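Below is one structure, written out as structure tokens; the observations come after it.
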Amino acid sequence: MAKPVQIEVWNPNGKYRVVSTKSMPGTRWINLLIQQDCRLEICTEKKTILSVDDILALIGDRCDGVIGQLTEDWGETLFSALSKAGGKAFSNMAVGYNNVDVEAANKYGVAVGNTPGVLTETTAELAASLSLAAARRIVEADEFMRAGKYEGWLPHLFVGNLLKGQTVGVIGAGRIGSAYARMMVEGFKMNLIYYDLYQSTRLEKFVTAYGQFLKANGEQPVTWKRASSMEEVLREADVISLHPILDKTTYHLVNKERLALMKKEAILVNCSRGPVIDEVALVEHLRENPMFRVGLDVFEDEPYMKPGLADMKNAVVVPHIASASKWTREGMATLAALNVLGKIKGYPIWSNPNSVEPFLNENAAPPAACPSIVNSKALGLPVSKL
Ligand SMILES: NC(=O)c1ccc[n+]([C@@H]2O[C@H](COP(=O)([O-])OP(=O)(O)OC[C@H]3O[C@@H](n4cnc5c(N)ncnc54)[C@H](O)[C@@H]3O)[C@@H](O)[C@H]2O)c1
Ligand SMILES: O=C(O)[C@H](O)CO
């Protein structure tokens, strides 16, 4: 028997019971649920990561839908319990859903939502920040100042890398990877090389047009190249940022052999998922190549780092905060709540999950649709005509 967990209840007499495994930023998501006759229960347990047993206790005997987090293990046990409790919908408050066994959700007919689009720019901005922090050794220099070691300007003090004119490499040029590429190309006049399973025509057009603009103004034009292999990106780029989804094909995508292909002074940034890099191999590479730098937002065994990483001066590490801007986190909460609400109300699925702006307008009612359900096709759910 699962132990009870602490909750806060909104709209106790609501017809539909919705559970959120965490308190989430903003109040719009709460208001949208309670205005549509939901009783909302928000878990207030102090522990950061809830266990499967904790979530089973939250689901209980009757539950219409759950809003959950990327730290939770949503598999057979939870989907079977949710379905038994009458639940039709689960949404991650995240775009990535590698913590969810979608096959299990399909088996129990549970719709799985995610939150694309609203975090694209925020995440890309953090990847750009980590690129700059690593290139210009900002964390090392900050520690040096605070330690009272600064005795005056010196020609060799914290010399780093100039980005202008160098090549930025993007692996996984989807929403976030493309947004990051544009920031680095436009902001720092870097040339682009990218690798993705699909061609990113919009990104290519953007770099071409920007290159033409620079040329017309007497400046060196920027260029782009779609690499035919990931290795090509690793060999040629000066700064490489990882933005693929995490699945079987991207697990340890960057390993010992591939690290060895990179330039000795290259910068590697990861704002995707930790297991995309073999972190043990990375620590060894950082140790052997002091001019090689990394900026990491995610870790293989989150919340832990592999032994030795914390001691590396050539690593900038932050705790999975890439989507952490107020607007974005409130938007993620709204999209996750609307995924669950929409399914409970029997709404169709929004036709373009890359364009979720209509759901984020605080001054208007959201469309009567689920913003993004990743298994909508498998479940045969109807698509909205709005
Ligand atoms: N650190 C964070 O806080 C944070 C925030 C948002 C997203 N993310 C992660 O970023 C991921 C990407 O988000 P997105 O919105 O850009 O998704 P997206 O689906 O738009 O982009 C992912 C891209 O990866 C490509 N891809 C898939 N497998 C590949 C492979 N084997 N090799 C190369 N490319 C491959 C896809 O074709 C796609 O273009 C999410 O799945 C999530 O895990 C992390
Ligand atoms: O996948 C995601 O959305 C992130 O990791 C958290 O924003």
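Keep in mind it's a predicted model, so treat the numbers as computed, not measured. Throughout, residue positions are numbered sequentially from 1 according to the sequence presented. One-based numbering, in listed order, for ligands and for the atoms of each. All heavy atoms count here, side chains included; hydrogens, waters and symmetry mates do not.
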Check: Crowded around Y97 OH? As in, over 12 foreign heavy atoms under 6.0 Å?
Finding: no

E103 atom CD, neighbour heavy-atom count above 12 within 6.0 Å: no

Notebook entry, point to check: Does G96, backbone or side chain, put an N or O under 3.5 Å from an N or O of ligand 2?
Noted result: yes

Within the 4.0 Å heavy-atom cut-off around ligand 1, the contacting residues, ordered by chain and number, are V95, G96, L119, T123, G172, A173, G174, R175, I176, Y195, D196, L197, Y198, H243, P244, I245, T249, T250, C271, S272, R273, D297, V298, H320, A322, S323

Short version for L70: what comes under 4.0 Å of ligand 2, heavy atoms counted, is side chain

**Prompt:** Do F144 and F158 have their ring centres less than 6.0 Å from each other?
**Reply:** yes

Within 4.0 Å of some non-hydrogen atom of S323, the atoms of ligand 2 are 6 (C), 7 (O)

_For residues I171 and V254: do they belong to one hydrophobic cluster (side chain heavy atoms under 4.5 Å, members Ile, Leu, Val, Met, Phe, Trp, Tyr)?_
yes

for atom 3 (O) of ligand 2, nearest protein heavy atom and its distance come out as V95 N, 2.8 Å

Do W224 and Y194 have ring centroids that are under 6.0 Å from one another? no

Open item on the list: If the contact criterion is a heavy-atom separation under 4.0 Å, does R273 count as touching ligand 2?
Closed with: yes

Original post:
Without hydrogens or angle criteria, can the side chains of Q220 and K189 be said to hold a donor-acceptor pair below 3.5 Å?
Top reply: no

For ligand 2, find out whether one of its N or O atoms is nearer than 3.5 Å to an N or O atom of R329.
no

Taking every heavy atom of G113 against every heavy atom of N339, the minimum-distance pair comes out as CA-ND2, 3.6 Å

In this structure, are over 12 heavy atoms from other groups packed under 6.0 Å from D301 atom CG? yes

If we number the atoms of ligand 2 from 1 as shown, the ones under 4.0 Å from a heavy atom of A94 are 1 (O), 2 (C), 3 (O)

Within the 4.0 Å heavy-atom cut-off, what L119 brings close to ligand 2 is side chain

Heavy-atom closest pair (V185 atom, Y210 atom, distance to 0.1 Å) is O-CE2, 3.4 Å

Notebook entry, point to check: Are there more than 12 heavy atoms of other residues, nucleotides or ligands under 6.0 Å from atom CD of E231?
Noted result: yes

Per-atom filter on ligand 2: closer than 4.0 angstrom to a heavy atom of M332 are 7 (O)

